[in-house]
Amino acid sequence: MSSFINRHRNIIDFALSSLLRRKIKNISLLGVYTLIIFVLASLIFFVHALRREAALILKNAPDMVVQRLMAGRHELIPVDYGQKISSIRGVQDVVPRLWGYYFDPAIGSNYTVMVPRDNMVQPDNIIIGTGVARVRKASVRDLIAFQAYDKTPLLLMIQQILPYESELVAADLILMSEQDFQSMFNLPKGYATDLAVSVANPRELVTVATKIAEQFPDTRPILKSEILRTYDSVFDWRGGMMIVIMSAAILSFIIFAWDKATGLSAEERKEIGILKSIGWETSDVLFLKFWEGIVISLSAFLCGVLLAYGHVFFFSATIFEHALKGWSILYPQFRLVPAIDAFQLTVLFALSVLPYTVATIVPAWLAASADPDAAMRS
Amino acid sequence: MFKVRKSTYYLVFLVSCLAMFVAMTLHVRYGQAEAKTGSEYRASLAEKLMITDLCLFTEARYTRHPSMADLDTPFQDHPVSLEHFPSGSFVSPPDFTARLHELIH
Amino acid sequence: MILQPAILALLVSSFLVSLMLLYAGWYGVLILKNWDLASGSDLQLNLEKRTYLISVVLGYALVFQIFSLFLYIFTADSLHTQFVGAMCAAGSLNVNHYGYPTLLLKIANCLLSGVWLIINFADNRGYDYPLIKAKYSLLMILAPLVVLEALLQFGYFKGLHADVITSCCGSLFSAGKRSVGADLAGLPAIPMEWIFFGVMAATLISGVVFCFKEWGGYFFSAASLSTFIISAASLVSFICLYIYELPTHHCPFCILQKEYGYIGYALYATLLGGGITGLGVGALMPFKKIASLVQVVPLIQRRLTWLSMLFYLLFTILVASKMLFTSFRL
Amino acid sequence: MIELMQVTKCFNAGKSNEFTAVDSVSLTIGQGLVTVLKGPSGSGKTTLLTLIGCMARPSSGRIRLNDINASFFPETSRKGGFDISSLPERFLTEIRRDTFGFIFQQFNLIKGITVLENIMLPAYPTGRGHALFRKRALELLEMFNISRHETSRVEWLSGGELQRVAIARALINDPAVIVADEPTAHLDSKLSCEFMEIIGNLKAEGKTILIASHDPIVYDSRLADQVIEMRDGRITGSGLVS
């Protein structure tokens with residue numbers, strides 16, 4: 001056993017010496033490899049942290065939201081639908097929700113305007129999210145001018161700014177009274193944006209949804225479980241532009257690694273010949289190549305992941321921020337709660353280290369199977 | 001004369017990396033515990049206001065409220081929904097809705 | 001088809017392993033046909049060099065196999081959210097007909113490639129390639145199985161469509177329904193405990209006998225294989241009950257989750273280790289008499305036997321401690 | 001010590017460029033003696049060295065080694081020597097590593113790593129403790145008077161120093177046989193004589209030495225116990241010198 005460990009430690013010694021001899025080449029390889037893993041791991045951490053947040057926040061979302069569709073588009077729903085729905089067995093409560101979007105021409109940003117349930121906001125007052133306060137440079141007791149549906153100005157006073165912690169759910173929210181909402185958007189009487197339905201027994205949710213869809217063929221019930229699943233798939237690390245770009249990067253890296261491994265220079269070939277002539281066996285040379293590969297790929301993986309963790313949770317994913325911001329004016333600022341996903345990291349390991357290792361097997365063998373007497377005959 | 005072997009250096013490097021991994025998981029625990037009040041506040045706010053979506057991208061309806069969007073919103077501006085790059089590439093149009101319809105009808 | 005990085009990783013690794021084994025298998029055929037150790041011809045020298053490559057390839061393949069076995073279960077587990085009615089891996093594996101065969105084949109391939117590496121290890125200790133025919137014949141069996149596994153796995157992932165209503169582990173592994181899972185769960189727990197500990201004791205005793213008396217190698221190997229199978233059945237039948245502390249939850253996959261301290265990994269790893277090493281002892285039995293291996297094989301066998309007993313002992317300790325230290329009683 | 005019986009080595013057998021490098025050579029190399037293979041280039045000296053030194057397998061014929069230590073081979077059957085002619089590379093390497101030390105015409109040192117590492121290289125795969133062979137390597141450096149170059153890279157050394165590093169490397173595993181292929185080809189006369197002095201010391205230690213050379217300093221040396229002349233892969237003359 002100790003001779004086995006000795007042998008491998010000796011070989012690792014030489015593998016490190018031999019990597020250090022071609023410093024520039026190997027450090028650039030390590031750098032590119034680390035960079036790829038860094039970006040992928042950052043993405044995984046970022047997305048996983050968001051997914052976790054979404055699950056935590058939305059666990060108390062309405063059980064079901066009933067929308068009305070007209071001509072394939074989201075339409076206002078008559079409030080009396082709600083009365084009929086609440087008579088369905090199993091339905092606990094139906095609350096009409098009033099909300100909409102407001103485009104602020106002065107800033108060029110979109111806000112979400114909402115009417116909270118229990119008269120949280122007095123008429124002529126509003127509660128705003130931190131994002132709104134930031135882009136409007138507004139503080140409590142300031143007056144903000146909005147344009148109503150008929151272009152008449154509407155002056156509302158900031159009653160409260162939601163605390164910083166709410167950023168992830170409420171950055172762009174403007175909460176106002178039903179009366180102000182009415183004068184701003186001129187909704188027809190007896191209509192709401194949609195209906196939030198709560199059901200006593202969560203097992204009956206699908207049954208209730210089916211009944212609603214049968215009774216009101218022009219509505220669409222959206223279940224909380226579906227919202228959660230949507231968030232799962234929204235954040236699922238798939239199909240995204242990033243990943244497509246990254247897969248191209250991984251591919252080109254593997255081609256690069258393959259090229260490096262196959263295109264053994266004449267000098268390297270000679271060295272392996274020398275090693276074999278002085279008593280290294282084929283499997284020793286294979287181990288040498290194996291350890292060289294492990295040193296590169298393991299170091300890159302560990303460094304990449306650690307750097308990504310720092311990037312996402314200490315520097316709030318600064319590199320992605322600009323990519324994510326896109327052209328939206330109002331961008332929520334939040335510090336992500338750290339979360340790591342061992343599963344995704346395992347997958348990342350599989351996707352980045354395994355192909356690299358496989359790519360080096362045959363070239364390593366080709367190099368290692370040189371005749372020991374080759375060095376002598378040259 | 002004693003000289004440290006290269007493999008020892010590498011071993012030290014690996015061990016310190018692994019130690020940092022452990023530190024990372026500890027930091028995750030600590031961070032989550034620390035952020036607990038914030039998370040709970042967000043959850044209660046979401047419950048009170050009946051919020052169904054996170055505020056991540058505000059530039060379009062289907063990126064602001066992915067779960068509430070129409071079936072074909074992304075196609076109203078551009079057929080491949082890349083108009084809101086890059087968030088449009090993260091937030092794909094909701095696909096559960098169509099399936100639910102099949103399920104119900 | 002659901003496109004997920006984990007699925008992608010599994011498909012890629014299966015593809016790579018199949019490719020590697022097909023490559024190895026092709027040279028295996030050449031070796032079986034043209035092997036002539038007495039000759040110093042170029043062909044023979046080349047074939048001898050190939051054996052190194054094939055050993056390396058199989059070594060990697062085994063590592064990948066074990067890795068992909070766990071990743072497969074893990075992925076199936078993470079997919080369950082996509083299927084209405086699936087609550088863990090048991091449900092998502094049941095989404096189509098390829099799920100469980102792929103899993104079984106993965107386990108079988110892990111065992112076989114482990115045995116192959118053990119034979120290869122012994123062969124490399126003999127100076128005249130004594131086991132060359134045996135190991136390449138085994139490769140001829142292993143290669144198609146691995147390819148078949150890759151195809152089945154592809155079939156499974158290709159056939160996945162989110163939102164199919166499937167049975168969750170609750171109904172799949174609960175007694176009373178006709179399925180393999182239900183049959184296993186339906187095995188009476190108390191007699192099963194006796195059988196489990198009986199077989200385990202038989203394996204350990206025969207292992208000790210074999211180590212000291214050089215007698216009963218085949219018996220030990222057979223005992224350890226039956227221990228492997230019975231332990232797997234026991235996992236579903238009663239071990240899980242103690243872990244979940246619920247009298248009806250039989251799912252063998254939920255134990256891999258965080259809530260149970262990832263104990264499933266320790267259980268499956270020790271079981272797999274014990275199975276591979278135990279089978280290896282039996283696989284080496286016919287070669288004890290070969291001149292160049294006379295000194296080598298008994299040594300390897302003894303080590304394997306100790307290893308196998310160690311793995312099984314760890315497994316038993318884990319199980320026993322769970323049974324003793326939970327408040328749950330059958 | 002080493003017996004060759006009708007050894008033949010063919011390259012590219014069966015093809016149009018078939019070439020017989022060594023043709024039915026039989027000879028015996030005595031223990032503790034210096035044997036010199038003499039002949040023009042292309043006479044098959046080097047190929048014969050590779051066959052004896054377990055670097056390659058003969059196409060036909062037998063090579064027997066006596067008194068070798070190989071872990072895989074039961075001690076009881078070591079009497080009467082061991083036939084290495086059809087041994088797999090894995091075992092040939094093991095024998096080679098422990099029994100033979102090689103000195104090459106081009107020195108074949110690895111650039112970019114230190115002298116000390118170069119000397120230790122043959123010991124790496126043996127699985128012996130690092131401290132153990134490091135100590136031996138330092139002793140060898142001392143012995144050959146190149147201790148000051150311990151941490152230098154080989155490309156900074158002069159020809160004579162390279163020669164001594166190469167010899168030190170050949171001795172790291174304490175082999176019974178030293179095999180040298182044209183060791184003086186790149187050395188001037190003074191250094192060549194120095195080399196023969198070292199060979200004399202090794203002989204005095206009881207090592208068996210086998211040198212292929214067409215340098216008169218080597219084959220006319222009084223150290224040479226046996227000179228074998230080769231041409232076109234065959235032995236054309238041989239004799240014990242003294």
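Each chain gets a letter, A, B and so on, in the order its sequence line appears, and its residues count up from 1. Computed from a prediction, not measured in an experiment: that's the story for all the values here.
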Fill in: Heavy-atom side-chain proximity of D/Phe104 to A/Ile274 below 4.5 angstrom
no
Item to complete: Identify the two heavy atoms, one from D/Ile113 and one from A/Ser17, that lie closest to each other, and give their separation to 0.1 Å.
Response: CG2-CB, 3.9 Å
Worksheet entry | Over 12 foreign heavy atoms within 6.0 Å of CZ, A/Arg22 | yes
Fill in: Any D/His130 side-chain heavy atom under 4.5 Å of A/Asn6 side chain
no
Worksheet entry | Lys/Arg N to Asp/Glu carboxylate O, D/Arg97 vs A/Asp284, below 4.0 Å | yes
Item to complete: Check whether any side-chain heavy atom of A/Arg21 sits under 4.5 Å from a side-chain heavy atom of D/Ile110, and report yes or no.
Response: yes
Item to complete: Please assess D/Arg90 against A/Thr282 for the test side chain to side chain contact (heavy atoms under 4.5 Å, CB included), listing each intermediate value before the final yes or no.
Response: CA-CA 8 Å; D/Arg90 186 173 286 114; A/Thr282 305; over 6 Å; no
Worksheet entry | Region of D/Ile172 in contact with chain A, defined by heavy-atom distances below 4.5 Å | neither
Discussion item. Determine whether D/Glu89 and A/Lys276 satisfy the following criterion, salt bridge (Lys or Arg N to Asp or Glu O under 4.0 Å), listing intermediate values before the conclusion.
Written reply: CA-CA 11 Å; D/Glu89 194 204 314; A/Lys276 293 204 72 172; 3.2 Å; yes
Practice prompt. State the CD-OG1 distance between A/Glu281 and D/Thr126, to the nearest 0.5 angstrom.
Written response: 13.0 Å
Fill in: Min side-chain heavy-atom separation D/Arg96-A/Ile278 under 4.5 Å
no
Worksheet item: Quick one: CE on D/Met120 to CG on A/Asp13, what's the gap to the nearest 0.5 Å?
Response: 7.5 Å
Worksheet, complete the sentence: Value for CG (A/Leu275) from CG (D/Leu121), rounded to nearest 0.5 Å, stands at 6.0 Å
Worksheet entry | Exercise: identify the closest heavy-atom pair between A/Gly279 and D/Pro125 | O-CG, 4.0 Å
Discussion item. Check the orientation of A/Trp280 and D/Tyr124. Use parallel for under 30°, tilted for 30 to 60°, and perpendicular for over 60°.
Written reply: tilted
Item to complete: Under 4.5 Å heavy-atom distance to chain A, tell me which part of D/Phe100 shows up: side chain, backbone, both or neither.
Response: neither
Practice prompt. Evaluate the side-chain proximity of A/Ser3 to D/Arg128: yes if any heavy-atom separation is below 4.5 Å, no if none is.
Written response: no
